[in-house]
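Report on the structure given below.
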Amino acid sequence: MNKEINNIFEQFLQKESLFKDKKALQSTYIPDEIKHRDIQITQIANILAPALRMEKPSNIFVYGKPGTGKTLSIRYLAEQMLTLADNKKIPLKIIYLNCKLKKIADTEYRLIAQLAREFGKEIPPTGLPTDEVYNVFFQTIDGEKQIILLILDEIDRLVEKAGDELIYNLTRVNTDLKQAQMSFIGVSNNLVFSNNLDPRVKSSLSEEEVVFPPYNAIQLQDILKRRASEAFKEEVIEEGVIQKCAAYAAREHGDARRAIDLLRVAGEIAERKGDKKITMKSVDEAEDTIERDKVIEIVKTQPKQFQATLYTVLLNKNNAKNKIVDTGTVYETYRDLCAKVGLRPLTQRRVSDIIAELDMLGVINAKVISKGRFGRTREISLLLPSNVEQKIKKILEEDLFS
DNA sequence: CGAGATTCATGTGAAGTATACCTTTAGGCTTAA
DNA sequence: AAGCCTAAAGGTATACTTCACATGAATCTCGTA
C-alpha cells in the first residue's frame with residue numbers, strides 16, 4: 001500500500017475528531033425535538049390523526065420557503081405515526097417522494113411507477129401503458145384495508161413538467177378504492193404555485209393548508225445550538241461561530257438547512273486542517289465551499305447534452321463584454337463544440353429547452369427579453385463566483401473531452 | 001410629432017419520429033409418453 | 001401431444017425533431033399639426 005496514503009489514514013486516526021456525532025448535521029437527520037415549529041406540527045398532527053383510527057385524513061397543502069422545516073416536520077410526524085401504528089398494529093403506510101428528482105418522479109408515468117415500486121412491484125422504466133401501471137398500483141394498495149399517506153415534496157416541479165391533471169387524477173383515486181384510502185400531503189417551496197393551479201385541483205389538494213414562515217435569527221441560533229451540542233464535542237466551537245452561521249442563513253430568508261450545512265462544513269474544514277476549534281474563518285471558508293459543492297454536484301450528474309450546453313455558455317460568457325450571452329451565440333458555439341467532441345448536435349429548439357431547464361436548476365440565469373427591432377432572446381448570465389465557475393469548467397472539460 | 005405598422009431573432013406549442021423497452025402471440029423445436 | 005424457447009408483432013414512454021405560429025419592443029412610415 002502506498003505509504004503516503006497510509007500516513008493520511010494513520011494521522012486521521014490519531015487526530016482527535018471534533019465531531020461527536022456528525023449525523024446530527026446531515027440533511028437526513030431528524031432530531032428528537034423540532035424547535036419553533038410547534039404550531040405547524042400540532043396543526044398537521046391534528047389533521048393527520050384520524051389516520052390512526054382508519055379514517056382518511058384531509059389532504060394537506062404545505063408551503064413555505066426552502067429551509068423552513070417543512071420536510072423535516074413532516075418526516076418527523078411520519079416517523080412518529082409509523083411507530084405508533086406499528087405498536088398498535090394499525091395498517092398505515094406513508095410514502096415520501098421528492099418530485100424534483102429527475103428520472104424518479106418527474107412525469108406521470110414515472111411517479112405512478114415509483115409508487116407501485118414502493119409497494120414492492122417491479123415496474124419497467126418504459127414500455128407499459130400508463131393506465132396499466134395505474135391498475136397495478138390500485139390493485140396492490142386495494143388488496144388490503146389500509147390508510148396511505150402520500151407525501152409529494154416539491155410538488156410544484158411535478159406540476160410544472162407534468163401538468164395538474166395528474167394531481168387531479170390522483171386525488172380522485174379514493175372513489176375507486178374499496179378497502180384502502182389515500183391522502184395527500186403536497187409540499188411546495190413556491191408560495192404562489194397554488195394560484196396557477198386549476199381550481200378543482202387546488203380545492204381537492206388543499207383541503208387544509210399549513211404555512212411555514214421563515215425562522216428569524218434568534219430561532220436559527222437556537223436550532224443551531226441544539227444541533228451543535230449533539231454533533232460536536234464540548235468546547236470545540238469558538239465564540240460567535242453559531243451566531244455567524246445563523247446570520248448568514250437569516251440573510252437568505254431564514255434558511256435553516258443552509259445554516260446547518262454551513263456549520264457542518266465549517267467543522268469538516270477545521271477538522272481537516274487539524275484545528276482544535278471551529279473558528280470564524282472556517283465558517284467563511286465553508287460559505288464558499290457549500291455553494292460550490294452543490295452546483296458541482298448538479299453539474300456532474302447532468303446528461304452530456306446539458307453539460308455541453310452549459311459549457312458553451314461558460315465559453316461565451318467570458319468573451320462577451322457584459323458577461324451576458326444570448327441563445328443564438330450559444331447555439332453556434334454549441335454546434336462547434338459538438339463537432340469537436342463528436343456529439344450529435346441537437347436542434348436549437350431543444351437547446352432552447354435545455355437552457356430553460358438549466359435555469360430551473362439554478363445553474364444559470366436565463367431571462368426572456370425582447371430587444372425590439374433586434375428580435376427577442378434569452379439573456380443568459382451566470383451568478384456563480386469565478387472560482388466556482390473555473391472549477392465547473394474544468395469538470396465539464398474532463399467529462400466532455402474524454 | 002405620434003400612432004400604428006413592421007421587423008427581427010427567437011420563444012413556444014403541437015405534432016411527428018426514433019429509440020428503447022414492454023407484453024403477447026405464433027411458430028418451431030424438443031421431449032416424453 | 002405437451003412444453004418450452006425464440007422471434008416477430010404490436011404497443012408505450014421519452015427525448016428529440018419539424019413545422020408553424022406567437023411575441024414584443026425598437027425602429028420605421030406616414031399622416032397630421
Side-chain angles (χ1 to χ4, degrees), chain A residues 97-140 157-170 196 198 298-299 301-313 315-317 319-322 324-339 341-361 363-381 399-400:
Chain A
L97 276 186
N98 192 327
C99 302
K100 83 165 171 197
L101 295 175
K102 233 177 181 174
K103 306 267 180 183
I104 300 274
D106 61 346
T107 67
E108 180 170 21
Y109 179 89
R110 294 213 258 244
L111 178 77
I112 308 297
Q114 190 57 32
L115 287 178
R117 284 190 201 111
E118 295 283 335
F119 284 89
K121 291 283 171 189
E122 294 274 329
I123 306 290
T126 170
L128 292 189
T130 308
D131 293 357
E132 181 67 24
V133 186
Y134 260 109
N135 281 336
V136 171
F137 177 59
F138 282 157
Q139 280 168 22
T140 317
R157 294 294 185 87
L158 178 65
V159 171
E160 205 162 307
K161 287 197 78 171
D164 49 13
E165 213 169 311
L166 156 64
I167 310 284
Y168 185 63
N169 291 340
L170 269 178
N196 307 328
D198 183 316
I298 296 175
V299 170
T301 54
Q302 291 307 307
K304 272 250 155 35
Q305 296 288 2
F306 282 60
Q307 293 186 335
T309 312
L310 180 57
Y311 186 66
T312 48
V313 172
L315 282 182
N316 277 307
K317 200 211 91 164
N319 301 334
K321 27 183 153 57
N322 44 0
I324 288 176
V325 272
D326 57 272
T327 313
T329 36
V330 167
Y331 187 64
E332 272 174 41
T333 27
Y334 162 80
R335 291 185 65 116
D336 294 348
L337 179 74
C338 284
V341 298
L343 204 60
R344 194 175 56 87
L346 301 177
T347 43
Q348 181 155 351
R349 177 73 186 79
R350 179 64 185 145
V351 172
S352 175
D353 280 350
I354 290 178
I355 291 172
E357 283 191 52
L358 286 173
D359 177 46
M360 283 237 301
L361 285 167
V363 184
I364 61 175
N365 208 340
K367 207 167 98 200
V368 190
I369 55 135
S370 178
K371 290 196 288 187
R373 185 63 216 284
F374 309 102
R376 73 203 307 251
T377 183
R378 280 199 174 87
E379 273 192 344
I380 307 164
S381 60
D399 260 27
L400 290 169

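Chain identifiers are assigned alphabetically (A, B, ...) following the order of the sequence lines, protein sequences preceding nucleic acid strands; residue numbering begins at 1 within each chain.
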* Separation of atom CZ in A:Arg373 from atom C1' in C:dC28, rounded to whole Å -> 8 Å
* Asked: For A:Asp131 and B:dT23, what is the distance between atoms CG and P respectively, to the nearest whole Å?
  -> 16 Å
* Structure fact -> dist A:Thr329:OG1 -> A:Leu315:CG (nearest 0.5 Å) comes out at 11.5 Å
* Determine, using ring centers only, whether A:Phe137 and A:Tyr134 are less than 6.0 Å apart. => no
* **Check: A:Gln348 main-chain N/O paired with A:Ser352 side-chain donor or acceptor under 3.5 Å** => no
* What is the distance, rounded to the nearest whole Å, between atom CD1 of A:Ile380 and atom C1' of B:dA9? -> 13 Å
* To do: Round to the nearest Å and state the distance from A:Phe374 atom CZ to B:dA9 atom P.
  => 9 Å
* Would you mind telling me which of A:Ile380, A:Ile369, A:Thr377 makes a side chain to side chain contact (heavy atoms under 4.5 Å, CB included) with A:Asp326? => A:Thr377
* How long is the span from the OG1 atom in A:Thr130 to the CG atom in A:Leu111, to the nearest 0.5 Å? -> 11.0 Å
* Look up atom CD1 in A:Ile112 and atom CG in A:Leu166, then write down how far apart they are to the nearest 0.5 Å. => 6.0 Å
* Which sits closer to the 5' end of DNA chain B, A:Thr327 or A:Gly372, going by the nucleotide each is nearest to? -> A:Gly372
* To do: Any chance you could list the contact pattern along nucleotides 14-23 of chain C? Use B for base contacts, S for sugar-phosphate-only contacts and - for none, protein heavy atoms under 4.0 Å, 5' to 3'.
  => SSSSB----B
* Quickly work out the A:Ile369 CD1 to B:dT12 P distance and round it to whole Å. => 13 Å
